[in-house]
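First up is the structure itself, then whatever we jot down about it.
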Amino acid sequence: MSKRSATDPRVPNHVAIIMDGNGRWAESRGLARLRGHRQGMEAARRVTRAAGELGIGYLTLYAFSLENWNRPKAEVKELMSLLDNYLEREIDGLMENDVRVRVIGRLERLSDDLRERVESGVARTRENQGLNVIFALSYGGRAEIVDAARGLLRDAELGKFDPEQLDEKTFAAYLYDSEIPDPDLLIRTGSELRVSNFLLWQIAYAEIHTTDVMWPDFDAADLEAALVDYASRERRFGLTREQVQSGSGKHS
Ligand code: IPE
Ligand code: IPE
Ligand code: MG
C-alpha cells in the first residue's frame, strides 16, 4: 500500500489498537510471559513507524488497563519497567520522526518515576506535527467516563454551565484528551472478540478489525491488511446506503 494523504477517506485518521496476546505468544513457545511483553514492545515500535508512513494521524495503543493492575505483582512490575525502558529508549527516535506523544489514563497510579518519564515525553514532543501516538496507560473506559462526570459536576456546581444544556459535545470535552478525534478503526490482535473496557465512549462508530495474529507477531503488513479491510467498509452512521451513496444524508 502506498502512502496516501491524510485526507484520503480510505485511510483511517485514528487507529486504536488493543495489543493482546503477548502472554500466549510466549507460553506457546515455552517462554516466560515477560518475553512476550518484550517482543510486544518491538511490535509497538514497528507499528508506530508503519502508521506514520501510511499517513495515519492518530494511533492509540492500549498498553495497560486498570484491570491489569490485578495481575500478579511480578508481571505488573515487569510491565512497568518495560514501559519505562521503552520511553527512555524511544523518545529521541520519536522526536526525529516528528511524533507527538500523548497519554490517557489514571496516571496517578503509576510510580513517580514512570509518571515523570511519561510526562516529560509528552512535554518534549508537544510541538511535533507528525503522527500522534497515544498511550492508554492505567486506562479504563468506564473510569474515564466517571472522571469526566466528576469534572462536569464540579464545573456545574461552580456555575460554569447549566446542566440542562449538557450535550454530547460538552461531555466529550471532559474526557482525558478532548483534542483527539474518535477512532475510525479499532484493531484487536490475539483472537479475542471483546472490547475490554477500551475507549467506550469514543468507539461508538469505529469499524472493528480483529485478527488471530498475536501482538508480538503483528507487523506493517498486518496493519496494511487491517487498512484494506477498513477501506472496504461502508460507514453509514445510521443512515441508509442510498443516503450515504448519494451524499444526501448528514450525520450529527
Ligand atoms: C497484552 O498481552 C498485554 C497486556 C495486557 C499488558 P497479554 O498479557 O494480555 O497476553 P495474553 O492475552 O495473556 O496472551
Ligand atoms: C486488554 O487486554 C488490555 C490491554 C491490551 C492492555 P487483556 O488481556 O487485559 O484483556 P482481557 O482480560 O483478555 O479482556
Ligand atoms: Mg490478554
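Start at 1 and go down the list; that is how both ligands and their atoms are numbered. In this chain, residues are counted from 1 in sequence order.
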Fill in: Between Asp20 and Thr189: side-chain donor-acceptor atoms closer than 3.5 Å
no

Item to complete: Following the transitive rule for hydrophobic clusters with a side-chain heavy-atom cut-off under 4.5 Å over Ile, Leu, Val, Met, Phe, Trp and Tyr, establish whether Phe218 and Leu186 coincide in one cluster.
Response: no

Worksheet item: Hey, which N, O or S atom on Asp20 ends up closest to the Mg ion (ligand 3)?
Response: OD1

Worksheet item: Between the side chains of Asp184 and His14, is a donor N or O closer than 3.5 angstrom to an acceptor N or O?
Response: no

Worksheet item: Of all the atoms in ligand 2, which lie at a distance below 4.0 Å from a heavy atom belonging to Arg188?
Response: 2 (O), 10 (O), 11 (P), 13 (O), 14 (O)

Discussion item. Is a donor from one side chain sitting under 3.5 angstrom from an acceptor on the other, for Ser191 and Arg24?
Written reply: no

Practice prompt. Flag Glu192 as yes if one of its N/O/S atoms falls below 2.8 Å of the Mg ion (ligand 3), otherwise no.
Written response: no

Response to the item:
From the list Tyr139, Trp69, Tyr86, Phe198, ring pair (Phe, Tyr, Trp, His ring centres under 6.0 Å) with Phe64 holds only for Trp69

Worksheet entry | Neighbour list for ligand 1 [protein residues, heavy atom under 4.0 Å] | Met19, Asp20, Gly21, Asn22, Gly23, Arg24, Arg33, His37, Ala63, Asn68, Arg71, Leu79

Worksheet item: Going by the atom numbers of ligand 2, which of them fall below 4.0 Å from some non-hydrogen atom of Arg194?
Response: 11 (P), 13 (O), 14 (O)

Discussion item. Regarding Asp84 and Ser81, do their side chains bring together a donor and an acceptor under 3.5 Å, going by distance alone?
Written reply: no

Fill in: Distance-only polar pair, side chains of Ser65 and Asn68, donor-acceptor under 3.5 Å
yes

Response to the item:
Across all chains, not counting sequence neighbours, the side chain to side chain contact (heavy atoms under 4.5 Å, CB included) partners of Glu207 are Leu185, Tyr230, Arg233, Arg235

